[in-house]
Amino acid sequence: MALLRDTARRGSGVVAVLHDLTLAARFCDRLILLSGGGVRADGPPERVLTDAHLRAAYGIAVHRGEAGGEPFLLPWHALPSPTCQPETP
């Protein structure tokens, strides 16, 4: 990932498909989050990898932290689907 980032900083285009949220947050300048057949969010990692976007796209909650000055996101658990919630009278 560092090699790809360096390549991009030298002016080449790099496109990568990632499912690892931490790698995306650490190494990418721009992310496009796809969900439900379309683009849910597009922009820098801090604007794309929000709790709301991750909940809507993947149905997960994450723990966030920092190690060595770099962010990490740890998928922690699945959230209940709104369509699977019991009806309230």
Side-chain angles (χ1 to χ4, degrees):
M1 289 301 296
L3 177 64
L4 292 174
R5 180 179 55 196
D6 293 344
T7 299
R9 288 185 177 158
R10 285 193 306 273
S12 294
V14 175
V15 175
V17 177
L18 300 172
H19 292 99
D20 186 312
L21 301 176
T22 295
L23 288 179
R26 287 180 62 200
F27 291 100
C28 298
D29 297 324
R30 176 182 174 201
L31 300 174
I32 299 173
L33 178 62
L34 302 175
S35 172
V39 174
R40 176 163 301 279
D42 179 356
E46 61 274 7
R47 216 173 68 216
V48 172
L49 298 177
T50 66
D51 289 344
H53 288 152
L54 296 175
R55 179 175 44 252
Y58 301 123
I60 60 167
V62 298
H63 282 286
R64 298 169 184 275
E66 190 176 286
E70 297 193 47
F72 68 83
L73 289 86
L74 178 62
W76 196 248
H77 63 84
L79 297 169
S81 169
T83 58
C84 295
Q85 295 294 322
E87 289 188 32
T88 54

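Not measured: the values here are computed from a predicted model.
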Asker: Would a single hydrophobic cluster contain both Leu34 and Leu18, if residues Ile, Leu, Val, Met, Phe, Trp and Tyr are joined by side-chain heavy-atom contacts under 4.5 Å?
Answerer: no
Asker: Taking the side chain as C-beta and beyond, is there a heavy-atom pair between Leu49 and Pro71 under 4.5 Å?
Answerer: no
Asker: Leu21 versus Ile60: any side-chain heavy-atom pair under 4.5 Å?
Answerer: yes
Asker: More than 12 heavy atoms of other residues, nucleotides or ligands under 6.0 Å from NE2 of His77: yes or no?
Answerer: yes
Asker: Report the distance from atom CZ of Arg26 to atom CD of Glu70, rounding to the nearest 0.5 Å.
Answerer: 4.0 Å
Asker: Please report the interatomic distance CZ(Arg40) to OH(Tyr58), rounded to the nearest 0.5 Å.
Answerer: 10.0 Å
Asker: To the nearest 0.5 Å, what is the distance between CG (Leu54) and CZ (Arg64)?
Answerer: 6.0 Å
Asker: Would you confirm whether His63, through its side chain, and Leu74, through its main-chain N or O, come within 3.5 Å as a donor-acceptor pair?
Answerer: no
Asker: Report yes if the side chains of Asp20 and Phe27 come closer than 4.5 Å at any heavy-atom pair, otherwise no.
Answerer: no
Asker: Atom CG in Asp6, atom OG in Ser12: separation rounded to 0.5 Å?
Answerer: 11.5 Å
Asker: Val14, Leu23: one ILVMFWY side-chain cluster at the under-4.5 Å cut-off?
Answerer: yes
Asker: Do any N or O atoms from the side chain of Arg47 and from the backbone of Asp42 form a donor-acceptor pair under 3.5 angstrom?
Answerer: yes
Asker: Using every non-hydrogen atom in the two residues, find where Pro45 and Ala24 come nearest and quote the distance to one decimal.
Answerer: CG-O, 4.0 Å
Asker: Do Val48 and Cys28 pass the side chain to side chain contact (heavy atoms under 4.5 Å, CB included) test, and can you show the C-alpha distance, the side-chain angles, and the key distance before you say yes or no?
Answerer: CA-CA 11 Å; Val48 172; Cys28 298; over 6 Å; no
Asker: Measuring only between side-chain heavy atoms, which start at C-beta, is Val39 closer than 4.5 Å to Leu33?
Answerer: no
Asker: Verify the neighbour count for atom CZ of Arg30: are there more than 12 heavy atoms of other residues, nucleotides or ligands below 6.0 Å?
Answerer: no
